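Written below as structure tokens is the structure these notes are about.
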Amino acid sequence: MKSEPDEFGIDDLERVQQEPWDGVRNYQARNFMRDQMRIGDGVFFYHSNCDVPGIVGLATVATESYPDPTAFDSDDKHFDPKSDPENPRWYLVDVKFERKLKRTLSLRELKEHADELEGFRLIARGNRLSVMPVEKAHWDYVLGLE
DNA sequence: GCCAACGTTGGC
DNA sequence: GCCAACGTTGGC
């Protein structure tokens, strides 16, 4: 799961411990949260749009998916008038802090392992998804780099 | 700041 | 349903 550290970084997650991953307005990313995430699933916390983009920490999925309340709030910047509480368009899960990595596993470094990480969407060209699945083999390999 | 790669919107 | 125009993401 990606986040911009200026907006909400790993230090913010450590401080609050658990956070609703609201504001996602991309259907693919929504589908991953709504349909595939289960409580206890591991999460790579990725910093995007910053000096050193990369994986900086670990989290876990803390809740089942539920409708994103910010979509119903006209004062919220993620308000979506097309999302009806009777038929919500956007879903999210809560994410719970696990730990920071000992060091940042930068995108640059991860790309150096393209052979072992083939199919890992994070390092795929043109990838813009903020939420994406990680295969077990890729998860283990990435953690082995720490 | 640039720009590639998408995703979305809306006219037709 | 097509596709041009536009907006956004995010690395560099």
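The structure presented is a predicted model; accordingly, all values stated were derived computationally and were not measured. Numbers restart at 1 for each chain; the letters A, B, ... are given by sequence-line order, proteins then strands. These values consider heavy atoms only, across backbone and side chains, with no hydrogens, waters or symmetry-generated copies.
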Side chain of [X] only, heavy atoms from C-beta on: which candidate in [options] is closest?
| X | options | answer |
| --- | --- | --- |
| A:Tyr27 | C:dG11, B:dT8, B:dA5 | B:dT8 |
| A:Leu107 | B:dG7, C:dG11, B:dT8 | C:dG11 |
| A:Lys111 | B:dA5, C:dC12, B:dG7 | C:dC12 |

Distance below 4.0 Å between A:Lys2 side-chain N/O and C:dG10 OP1 or OP2
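Answer yes for this pair, as a side-chain N or O of A:Lys2 is under 4.0 Å from OP1 or OP2.
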Taking 4.0 Å as the cut-off, does a side-chain nitrogen or oxygen of A:Gln28 come that near to OP1 or OP2 on B:dG7?
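Looking at the OP1 and OP2 atoms of B:dG7, one of them is under 4.0 Å from a side-chain N or O of A:Gln28.
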Do A:Arg25 and A:Thr70 have side-chain N/O donor and acceptor atoms under 3.5 Å apart?
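Checked: A:Arg25/A:Thr70 side chains pair up, N/O donor to acceptor below 3.5 Å.
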Tell me: [atom1] of [X] to [atom2] of [N], nearest whole Å?
| X | N | atom1 | atom2 | answer |
| --- | --- | --- | --- | --- |
| A:Arg108 | C:dC12 | CZ | P | 9 Å |
| A:Glu4 | C:dT8 | CD | C1' | 11 Å |
| A:Arg30 | B:dT8 | CZ | C1' | 15 Å |
| A:Arg121 | B:dC6 | CZ | C1' | 13 Å |
| A:Arg125 | C:dG10 | CZ | P | 16 Å |
| A:Leu129 | C:dG10 | CG | P | 9 Å |
| A:Leu122 | C:dT9 | CG | C1' | 14 Å |

Could you give me the CA-CA distance, side-chain angles and deciding distance for A:Glu109 and A:Arg103, then say whether salt bridge (Lys or Arg N to Asp or Glu O under 4.0 Å) is met?
CA-CA 12 Å; A:Glu109 177 179 356; A:Arg103 65 189 187 86; 2.9 Å; yes
Short of 4.0 Å, heavy atom to strand atom, which residues of residues 41-55 of chain A count as contacting DNA chain C?
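Residues of residues 41-55 of chain A that come under 4.0 Å of DNA chain C are, in numerical order, A:Tyr46, A:Ser48, A:Asn49, A:Pro53.
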Please check if atom CG in A:Asp140 has more than 12 non-hydrogen atoms from other residues, nucleotides or ligands closer than 6.0 Å.
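It does: A:Asp140 CG has more than 12 such atoms within range.
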Give a yes or no on whether A:Arg108 atom CZ has more than 12 heavy-atom contacts from other residues, nucleotides or ligands under 6.0 Å away.
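No, CZ of A:Arg108 has 12 or fewer neighbouring heavy atoms, counting only those of other groups under 6.0 Å.
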Just do the salt bridge (Lys or Arg N to Asp or Glu O under 4.0 Å) check on A:Arg89 and A:Asp68 with the steps written out, would you?
CA-CA 8 Å; A:Arg89 175 176 293 200; A:Asp68 184 341; over 6 Å; no
Among A:Phe120, A:Trp139, A:Phe32, which one satisfies side-chain contact (heavy atoms from CB on, under 4.5 Å) with A:Pro133?
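The passing option is A:Phe32.
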Check whether any side-chain heavy atom of A:Pro88 lies under 4.5 Å from a side-chain heavy atom of A:Tyr66, and answer yes or no.
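Answer no - side chains too far apart.
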Taking the side chain as every heavy atom from C-beta outward, state whether A:Leu110 and A:Leu122 have any pair of such atoms under 4.5 Å apart.
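Side-chain contact under 4.5 Å: yes.
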Give, ordered by number, those residues of residues 69-84 of chain A having at least one heavy-atom distance below 4.0 Å to an atom of DNA chain B; if nothing qualifies, reply none.
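Within residues 69-84 of chain A, the residues near DNA chain B are A:Lys82.
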Between A:Trp21 and A:Tyr91 (judged by ring centroids, cut-off 6.0 Å), do the two rings come close enough to count as a pair?
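No; A:Tyr91 has its ring centre 6.0 Å or more from that of A:Trp21.
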Distance in Å, A:Thr63 OG1 paired with A:Arg38 CZ, rounded so as to fall on 0.5 Å steps
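One finds 11.5 Å between OG1 of A:Thr63 and CZ of A:Arg38.
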Flag the pair A:Arg121 and A:Glu135 as a salt bridge only when some basic side-chain nitrogen lies within less than 4.0 angstrom of an acidic carboxylate oxygen.
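Salt bridge: no.
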Please round to 10 degrees the angle between the axis of the first five pairs and the axis of the last five pairs in the helix from B:dG1-C:dC12 to B:dC12-C:dG1.
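Result, rounded to 10 degrees: 10°.
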